[in-house]
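Have a look at the structure below, then the notes.
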Amino acid sequence: KQEVTQIPAALSVPEGENLVLNCSFTDSAIYNLQWFRQDPGKGLTSLLLIQSSQREQTSGRLNASLDKSSGRSTLYIAASQPGDSATYLCATPRGSQGNLIFGKGTKLSVKP
Amino acid sequence: NAGVMQNPRHLVRRRGQEARLRCSPMKGHSHVYWYRQLPEEGLKFMVYLQKENIIDESGMPKERFSAEFPKEGPSILRIQQVVRGDSAAYFCASSPRQGPPEGYTFGSGTRLTVV
């Protein structure tokens with residue numbers, strides 16, 4: 001049974017700092033892994049999607065990596081800004097049906 | 001393309017009433033997934049539907065919850081005789097095809113409060 005874990009549950013950093021959010025999964029046979037951002041009281045915004053054959057994806061200041069053998073993905077945020085404050089979720093599909101298994105998220109606070 | 005539309009954004013129901021949550025997928029998407037986010041919990045899968053078919057309802061509570069996705073119109077998640085424990089944010093996502101998706105698009109959610 002696939003389980004997704006995100007550590008830490010909360011993270012507070014000063015503006016400008018580079019940071020890494022962690023996501024681990026128990027079954028390495030994944031199809032892909034998706035990172036989302038959720039603002040308080042809002043929906044989910046897709047940030048990056050890494051296919052199982054890829055090692056990383058980049059979008060602006062964000063870089064996501066995937067290491068299936070170790071069951072880990074990381075989301076790297078460069079030069080953090082207060083506007084990056086949100087909860088970051090990772091998720092991977094359950095088999096071929098595609099419904100996602102989510103971690104509980106990391107709540108990021110970037111202090112000005 | 002307005003994206004995945006959910007309404008209402010907020011819904012308040014008294015215990016015992018019915019709640020109806022609507023989800024209109026993105027244009028061209030015929031697959032809809034519903035998720036529930038309980039306070040301080042992660043998102044949990046509830047049900048996966050295609051037009052006129054329930055494909056996987058393994059995450060749905062056995063009683064009081066039902067879902068449909070008719071040929072015309074939005075997908076509906078229906079909760080009968082709501083209880084306080086049903087208070088949560090309900091999200092739907094859509095995709096253009098079955099199988100490991102190329103990425104989900106989520107709606108903004110419906111926040112249900114049972115009083």
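Keep in mind the model is a prediction, meaning the values are calculated, not measured. Every chain is numbered from 1, with letters handed out A, B, ... down the list of sequences.
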Side-chain heavy atoms under 4.5 angstrom apart, residues restricted to Ile, Leu, Val, Met, Phe, Trp, Tyr: same cluster for B:I79 and B:F69?
yes
About how many Å separate CD of B:Q37 and CG of A:L89, when rounded to the nearest 0.5 Å?
7.0 Å
Counting only heavy atoms not in A:E17, do more than 12 sit closer than 6.0 Å to its CD atom?
yes
How about NZ on A:K68, more than 12 heavy atoms from neighbouring residues, nucleotides or ligands closer than 6.0 Å, or not?
yes
Within residues 36-46 of chain A, which positions have a heavy-atom distance to chain B below 4.5 Å?
A:F36, A:Q38, A:G41, A:K42, A:G43, A:L44, A:S46
CZ (A:R61) with more than 12 external heavy atoms under 6.0 Å:
yes
Region of B:Q6 in contact with chain A, defined by heavy-atom distances below 4.5 Å:
neither
Among the clusters formed by ILVMFWY side chains lying less than 4.5 Å apart, do B:L112 and B:V47 turn up in the same one?
yes
Measuring from A:N99:CG to B:Y48:OH, what's the distance to the nearest 0.5 Å?
9.0 Å
Does atom CZ of B:R64 have more than 12 heavy-atom neighbours from other groups under 6.0 Å away?
yes
When you measure from the side chain of B:Y35 to the backbone N and O of A:F102, does any donor-acceptor pair fall under 3.5 Å?
no
Between B:Y104 and A:L100, is there a side-chain heavy-atom distance shorter than 4.5 Å?
yes
With a cut-off of 6.0 Å (strictly less than), are more than 12 heavy atoms of other residues, nucleotides or ligands near NZ of B:K51?
yes
Do B:L49 and B:L21 belong to the same hydrophobic cluster, where Ile, Leu, Val, Met, Phe, Trp and Tyr are linked whenever their side-chain heavy atoms lie under 4.5 Å apart, directly or via other members?
yes
